Amino acid sequence: MAGITLLSESGVPRTAVSTSSTVRDVDFEQYGCGEGPCLEAARTRRMVRATVTDSAFRWPVFSAHLREPRVRSFLSSPLWVDERHAGALNIYGHHARGFSEVDALIVCVYTTAIEGLFRIAKEIEFAQNEITGLNTAMKSRATIEQAKGILMAIRGCSSEAAFQVLVTESQRTQQKLRVIADQIVERAESSRANTKKTT
């Protein structure tokens, strides 16, 4: 049986996915007690391998509250992407003999690969957000420059004076400068369209 525990930025754990209700029950016992194999792996970023007998010494509160007799062994491998994204891959076994060192090594290989994929995904997401932000900034700047040009033409003022008009209106209406610029451009385009209709 397996599941994944994720920690929030404040350290609150939750089970993101699991293969059975038994996994969730065991996880929730750990969350309620504040100790156990999955929490130790997620918090210390170290592999945890233990049996039910071991747990009585390592996590006495959790062991005393464990009500699932079918779970006899634990293997939890940390999942760590960055300070805000951490957790553990948890595998629970039926056999009292526990998991072997080879089992732990195989799981470690898998979780290391998963961590790498998560980091790549986060880097791609960050890059996409940066590009979106730059595109938005460029569009906003273009709109503001267009609005300045309209004001300069209408009022016969300088670029600096036109920009000050935008700033003053932004402060007066408590709206962003880009919104004010959009309104000016839209009114100018609407006025131009109406003029074409009448002619």
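Worth knowing before you read on, the calculation uses all heavy atoms, side chains too, and leaves out hydrogens, waters and symmetry mates. What you are looking at is a predicted structure, and each value in this text was computed from that prediction instead of being measured.
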Residues in side chain to side chain donor-acceptor pair (under 3.5 Å) contact with [X], at least two apart in sequence or another chain:
X: T22; answer: R70
X: S55; answer: none
X: S100; answer: D103
X: S77; answer: T111

*Members sharing L166's hydrophobic cluster (side chains within less than 4.5 Å)*: I144, I150, L151, I154, F163, V165, V167, L177, I180, I184, V185
*Residues clustered with V12, ILVMFWY side-chain links under 4.5 angstrom*: none
_Selection residues 147-169 - residue pairs positive for salt bridge (Lys or Arg N to Asp or Glu O under 4.0 Å), sequence neighbours left out_ = E145-K148, E169-R172
_Residue pairs fulfilling salt bridge (Lys or Arg N to Asp or Glu O under 4.0 Å) with at least one residue in residues 28-46, sequence neighbours excluded_ = E29-R67, E40-R58
*Partner residues of R178 under the salt bridge (Lys or Arg N to Asp or Glu O under 4.0 Å) criterion, sequence neighbours left out*: D182
_Results of salt bridge (Lys or Arg N to Asp or Glu O under 4.0 Å) for R24 - residues two or more places apart only_ = none
*Is there a donor-acceptor pair under 3.5 Å between the side chain of T168 and the backbone N or O of Q164?*
yes
*Please name all residues satisfying ring pair (Phe, Tyr, Trp, His ring centres under 6.0 Å) with Y92, sequence neighbours left out, ordered by chain then number.*
F74
*Decide yes or no on side-chain contact (heavy atoms from CB on, under 4.5 Å) for S159 and M152, but give the supporting numbers first.*
CA-CA 7 Å; S159 174; M152 290 167 64; 4.0 Å; yes
*Only counting residues at least two apart or in another chain, list the ones meeting side chain to side chain contact (heavy atoms under 4.5 Å, CB included) with A161.*
C157, S158
